**Student:** 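Sharing a structure, written as structure tokens. Questions coming.
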Protein chains: 2
Amino acid sequence: MATVSYAMSDSGRLSKETRKRILDVAEEMGYIRDGNASRLRTGHSALIGVILNTVKNPFFSELVASLEMAAYDGGYLTLLATAQNDPVRQKKLLHSMISQGVGAMIISPVHGTSNDLLAATARRKIPTVVCVRDLPNQERVFVGADEMKSGYLAASHLIKNGHRSMTFLGGYGSTSTWTGRKDGILRALGEAGLPSENCQIRAGTLLADFAYETMRWGLLGVSCAAHDCRLCPK
Amino acid sequence: MATVSYAMSDSGRLSKETRKRILDVAEEMGYIRDGNASRLRTGHSALIGVILNTVKNPFFSELVASLEMAAYDGGYLTLLATAQNDPVRQKKLLHSMISQGVGAMIISPVHGTSNDLLAATARRKIPTVVCVRDLPNQERVFVGADEMKSGYLAASHLIKNGHRSMTFLGGYGSTSTWTGRKDGILRALGEAGLPSENCQIRAGTLLADFAYETMRWGLLGVSCAAHDCRLCPK
DNA sequence: TTGAAAGCGGTACCAT
DNA sequence: ATGGTACCGCTTTCAA
């Protein structure tokens, strides 16, 4: 029993021939080591949990692709689930993943995430990374874009090209993503000496789909109100 | 010990108050049952493994989204990985998933998949579904489109709209997908009394990206050679 | 109605 | 260099 384990993990404790004999037999009978039993004993997991809002949005599917490849390179598998804008579902998923013994978590939190979401991973010392949308006022590791800067760059681009009015369709209001981009836009307007009224600001669920389509065209949620802009979808 | 287990699974063996007391304490200390240990004992897993070629292609990301939602509704989590057109990687992934104790597998096999891929799941009686691309001459469950019919419909559409020549860019040649679509196109040409030379047939790795872009435009790998077709990308 | 104990498949310590 | 054994957290049988 123990010897087989030593053979599989190549601990160097066994003689060349004993090890080879064991591996040969294992190969022949199609043996695959039970990673769960292993984790149960050692506490080391080969699973990384990933919770995103959706995976249909190309931004997120590219993210999934990259995460999965990085995980594979590190010898991990990804447990993927989507929270569908539902904080309750998000929490259930996180608990399910902990139940499955994930060794680490990557979460892009939904709007309305409660402050205690990460308590479960924190208590168990499961390394957790928050991405895309931040969780303010919490102890966490965050990876994401500088939303403020992106809004600023987008608005500046429009202004530089002679546009004086624009519309901001950022999806859900009062998220850190939305607020950051909006602030960036307003800053750009201010620096150009334009009144903030020149940017129509819209937020809400119904606009999310529109914004999504806009994002697909590479405009990051900012759409130009002038109908002859070469960068905007027809 | 045993009593806690009974409380969690609500077997009805415990008195109302004992159960409630246990659940309260569990809640308070943030207890989450270890699904792996459970699986180890019972053999029942809450994991469904999914192996696709890629997840960047919108066709597959929509598939992932649907699979994940269905899994969630059934109380399962999805273990997702991409084979990246690499049969070796595909096999390693499958073994990793078995090692993680998946209860079922869903695979869209890569081109060049060896015949013994599913031997590992078969031996362990892990229910396995092959999708999108078929594995001919094997005992398996397959779910996918009628490729022949889709090629036929696409070519018929072009012919009906007055086009007499076309190009088929189907990506990798000699896959069941490619062959099916090609045969459908040729059948449509035949029925219209057109020679098969009227369809340029191209296959190969370099064309895969082109075909992918074409698919994004909703043309399912069939592109019209006439440059004024309203349906084709500009 | 409750609890003690064995065992799932590994790993790691200890002894041989 | 090798194998016996306890234990990881849970479920299930059996006994109390």
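Quantities reported herein were computed from a predicted structural model and do not represent experimental measurements. Each chain gets a letter, A, B and so on, in the order its sequence line appears, and its residues count up from 1.
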**Student:** In whole angstroms, how far is the P atom of C:dT1 from the CD atom of B:E17?
**Tutor:** 11 Å

**Student:** What's the NE2-P distance between B:H44 and D:dG9, to the nearest Å?
**Tutor:** 22 Å

**Student:** Surrounding CZ of B:F60 (heavy atoms of other residues, nucleotides or ligands, distance under 6.0 Å), is the total greater than 12?
**Tutor:**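 Yes - once you tally the heavy atoms of other residues, nucleotides and ligands closer than 6.0 Å, there are more than 12.
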
**Student:** Any carboxylate oxygen within less than 4.0 angstrom of a Lys/Arg side-chain nitrogen, looking at B:R39 and A:D34?
**Tutor:**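 Salt bridge: yes.
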
**Student:** Tell me what B:R33 touches on the nucleic acid: a base, only sugar-phosphate, or nothing, going by heavy atoms under 4.0 Å.
**Tutor:**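 Here B:R33 touches the backbone only, sparing every base.
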
**Student:** Mapping B:A37 and B:T18 onto DNA chain C by nearest heavy atom, which one lands closer to the 5' end?
**Tutor:**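 By nearest-heavy-atom nucleotide position, the 5'-most residue is B:T18.
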
**Student:** Taking the nucleotide of DNA chain D with the closest heavy atom to each, which residue, A:G12 or A:A2, is nearer the 5' end?
**Tutor:** A:G12

**Student:** Can you tell which of D:dG9, C:dG3, D:dT11 lies closest to the side chain of A:L40?
**Tutor:** D:dG9

**Student:** So, does B:T3 get its side chain near the phosphate of C:dG3, meaning an N or O under 4.0 Å from OP1 or OP2?
**Tutor:**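 B:T3 to C:dG3 OP1/OP2: side-chain N or O found under 4.0 Å.
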
**Student:** Can you tell me the distance, in whole Å, between the CD1 atom of A:I98 and the C1' atom of D:dC10?
**Tutor:** 18 Å

**Student:** Any N or O donor-acceptor pair linking the side chain of B:R41 to the base of C:dG9 at under 3.5 Å?
**Tutor:**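 Counting by modelled atom types and ignoring angles, no donor-acceptor contact under 3.5 Å is found here.
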
**Student:** How many Å lie between CD1 on A:I32 and P on C:dC8, as a whole number?
**Tutor:**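 After rounding, the reported distance stands at 20 Å.
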
**Student:** Identify whether any heavy atom of A:S38 sits under 4.0 Å from a base atom; if not, whether one sits that close to sugar-phosphate; answer base, sugar-phosphate or nothing.
**Tutor:**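 Since only primed, P, OP1 and OP2 atoms lie under 4.0 Å of A:S38, the category is sugar-phosphate.
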
**Student:** Is it true that B:K92 and B:D86 have a side-chain N and a carboxylate O under 4.0 angstrom from each other?
**Tutor:** no

**Student:** Give the rounded distance in Å between these two atoms: CZ of B:R39 and C1' of D:dT11.
**Tutor:** 14 Å

**Student:** Quick check: on DNA chain C, is the nucleotide nearest B:R19 upstream (toward 5') of the one nearest B:T42, or the reverse? Name the residue that is more 5'.
**Tutor:** B:R19

**Student:** Checking only heavy atoms, does the side chain of A:Y6 share a donor-acceptor pair with the base of C:dC13 at less than 3.5 Å?
**Tutor:**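 Counting by modelled atom types and ignoring angles, a donor-acceptor contact under 3.5 Å is found here.
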
**Student:** Could you check whether the side chain of A:R13 and the base of D:dG3 have a donor-acceptor pair of N or O atoms closer than 3.5 Å, going by distance alone?
**Tutor:** yes

**Student:** What is the distance, to the nearest angstrom, from the CD1 atom on A:I22 to the P atom on C:dG10?
**Tutor:** 13 Å

**Student:** Rounded to whole angstroms, how far apart are NZ on B:K16 and P on C:dT2?
**Tutor:**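 Interatomic distance, NZ of B:K16 to P of C:dT2: 12 Å.
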
**Student:** Can we say B:E27 and B:R21 salt-bridge, meaning some charged N sits less than 4.0 Å from an Asp/Glu carboxylate O?
**Tutor:**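 No, this pair does not count.
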
**Student:** Ion pair present between A:D183 and A:R187, side-chain N to carboxylate O less than 4.0 angstrom?
**Tutor:** no

**Student:** Given atom CE of B:M8 and atom C1' of D:dT11, what is their separation to the nearest angstrom?
**Tutor:** 13 Å

